[in-house]
2 protein chains.
Amino acid sequence: MISKNKTFIEKLRSSGLRPTRQRVEISKFLFNRKKTFHFSVDDLNKLLNSRKKKKISIATLYNTVHALKSAGHLKEFSLENNISYYDTNTTSHHHFYFNGKLTDIKNKEIHFKKIPTPPIGKKIKNVEVVIKLENIN
Amino acid sequence: MISKNKTFIEKLRSSGLRPTRQRVEISKFLFNRKKTFHFSVDDLNKLLNSRKKKKISIATLYNTVHALKSAGHLKEFSLENNISYYDTNTTSHHHFYFNGKLTDIKNKEIHFKKIPTPPIGKKIKNVEVVIKLENIN
DNA sequence: AGTTACTTTAGAATAATTATAAACTAATTA
DNA sequence: TAATTAGTTTATAATTATTCTAAAGTAACT
Ligand SMILES: [Mn+2]
Ligand SMILES: [Mn+2]
Ligand SMILES: [Zn+2]
Ligand SMILES: [Zn+2]
C-alpha cells in the first residue's frame with residue numbers, strides 16, 4: 001500500500017505535478033485497477049468521498065482530473081448528456097456502449113476491410129469505433 | 001419556395017406537430033439542403049436569427065429541436081465540449097472529425113474484416129466509426 | 001365566430017463547469 | 001531546521017447550456 005503510493009508519487013512527479021495527499025489518493029483510485037475506468041467528476045466525487053471523513057473538495061477533483069488529462073494520463077470524452085467523462089485508457093481504442101456505460105475493446109479486436117480516403121490535405125489521426133449494444137430479448 | 005414550405009408543412013403534420021411559422025422556418029433551414037447538417041442550438045440561433053427582424057426565441061429553438069428529435073427527424077450526439085449537437089442524418093452512419101466539425105461517411109464506405117462478439121445476452125444495435133483527421137503538414 | 005388545445009416566449013431555475021482569491025502545504029533555500 | 005517561494009486546495013461566486021414556468025398567442029376544431 002505504501003509501495004503502491006510510491007508508484008503514484010513517481011507518476012505525479014514525473015508529470016510535473018506535486019504529489020499532494022489528494023492527488024495521490026485520486027491517482028490510486030483511478031489507476032490502481034485491472035480494467036479501464038470510465039467516469040465523470042460526479043462519479044469520482046460519489047465513489048471517493050461518500051464514506052470518508054476528510055473529503056476532497058469538488059474543485060480539487062476538477063483540478064486534478066484536468067491536470068491528469070493535461071499530463072496525458074486521462075482522455076476526455078462525451079456521451080449524450082453534456083457531461084464530461086474521462087477514460088483511464090489514453091490510447092486510441094474502441095468501445096461497446098450499453099446503458100450509458102462504455103467497455104473497452106482492444107484495437108486488435110477490430111479490423112477494417114475498407115476505409116474511406118481522407119479529404120486532400122488531411123490524413124487519418126485515428127479511427128475509433130463504438131458498438132452500441134441492446135438486449136437480445 | 002411556397003411549394004417547398006408545403007413539403008415541410010406535411011412533414012410536420014405527419015409527425016403530429018402543428019406547422020407553425022417558426023417550425024416551418026426551422027425545418028426549411030435544417031432539411032432543405034443537399035448535405036447532412038450537424039449543428040448545436042447555439043449554431044441554429046446564430047445562423048437563423050442573426051440577420052432577421054423577427055427572431056425565433058431560444059426557447060422555441062430548443063422546443064423545436066427536441067420535437068424534431070422525438071419525431072425521429074434529428075439525431076443527438078456529443079462532441080468533447082458538453083454541448084448537444086444534432087445531425088439531420090438520422091440513420092446509423094460514420095463520420096470524419098476535424099477541427100470540431102463532423103462530415104458524414106456513408107455506411108458503404110466502411111467494411112469490417114473482424115468485429116468482436118458482443119457479451120452474452122446482448123446483440124449489436126449499430127456500429128459507428130469516427131475517423132479523426134489531422135493536417136498532412 | 002367561439003372554444004379548445006397546443007405553441008411561443010421571456011424570464012426564472014437548474015446543473016455542470018470554471019474562475020477567484022484566501023488559506024494551506026510541498027519544495028527550495030539559507 | 002527555519003524561512004521563503006511557488007504551487008495547491010478550498011469555499012464560494014460566476015458562467016453557461018439547458019430546462020422549467022406560466023402567461024400571451026395561434027392553429028385547429030365545432
Ligand atoms: Mn454518474
Ligand atoms: Mn457554435
Ligand atoms: Zn475506454
Ligand atoms: Zn452525420
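Residue numbering restarts at 1 for every chain, and letters A, B, ... go by the order of the sequence lines. Remember, it's a predicted structure, so these values are computed and weren't measured experimentally.
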Study note, to complete from the structure: Rounded to whole Å, CG of B/L68 lies from C1' of C/dT7 at a distance of 14 Å
Exercise for review: Send over the distance from A/N82 CG to C/dT14 P, rounded to a whole Å.
Suggested key: 18 Å
Point to revise | Sugar-phosphate only, base, or nothing, as touched by A/R23 at under 4.0 Å among non-hydrogen atoms | key: sugar-phosphate
Review point. Does B/Q22 place a side-chain N or O at less than 4.0 Å from the phosphate oxygens OP1/OP2 of C/dT9?
Key: yes
Practice item. Nearest whole angstrom, please: distance from the P of C/dT25 to the CD1 of A/I9. Key: 17 Å
Check your understanding: Taking 4.0 angstrom as the limit, do B/E128 and B/K75 come out as a salt bridge?
Key -> yes
Practice item. Using only heavy-atom distances, determine whether the side chains of B/N63 and B/T60 contain a donor-acceptor pair under 3.5 Å. Key: no
Point to revise | DNA chain D: 5'-most and 3'-most nucleotides touching chain B, 4.0 angstrom heavy-atom criterion | key: D/dA17 to D/dA28
Review point. Toward the 5' end of DNA chain D, which comes first, B/P19 or B/N81, by nearest nucleotide?
Key: B/N81
Practice item. Using a strict 4.0 Å threshold on nitrogen-to-oxygen distance, state whether B/K52 and B/E25 make a salt bridge. Key: yes
**Study point:** B/R13 CZ - C/dC6 P separation (whole Å)
**Key:** 15 Å
**Study point:** Distance-minimising heavy-atom pair for B/L12 and B/P19
**Key:** CD1-CA, 3.9 Å
Review point. By a strict heavy-atom criterion of less than 4.0 Å, which residues belonging to residues 56-64 of chain B are in contact with DNA chain C?
Key: B/I56, B/S57, B/A59, B/T60, B/N63
Check your understanding: Any side-chain donor-acceptor pair under 3.5 Å between B/H94 and B/D104?
Key -> no
Check your understanding: Given atom CZ of A/R18 and atom C1' of C/dT25, what is their separation to the nearest angstrom?
Key -> 8 Å
**Study point:** Spacing of B/N45 atom CG relative to C/dT9 atom P, expressed in whole Å
**Key:** 12 Å
Practice item. Determine which pairs satisfy side chain to side chain donor-acceptor pair (under 3.5 Å) with at least one residue from residues 114-124 of chain A, sequence neighbours left out, and list them in order. Key: none
Revision key, fill the gap. Contacts satisfying ring pair (Phe, Tyr, Trp, His ring centres under 6.0 Å) that involve residues 52-82 of chain B (not counting sequence neighbours) are B/H38-B/F77, B/F77-B/Y85
Point to revise | A/F39: ring pair (Phe, Tyr, Trp, His ring centres under 6.0 Å) partners, not counting sequence neighbours | key: A/F37, A/Y86
Review point. According to the ring pair (Phe, Tyr, Trp, His ring centres under 6.0 Å) rule, which pairs have a member within residues 117-137 of chain A, sequence neighbours left out?
Key: none
Exercise for review: Take the protein atom CG of B/N49 and the nucleotide atom P of C/dT8, then report the distance between them rounded to whole Å.
Suggested key: 13 Å
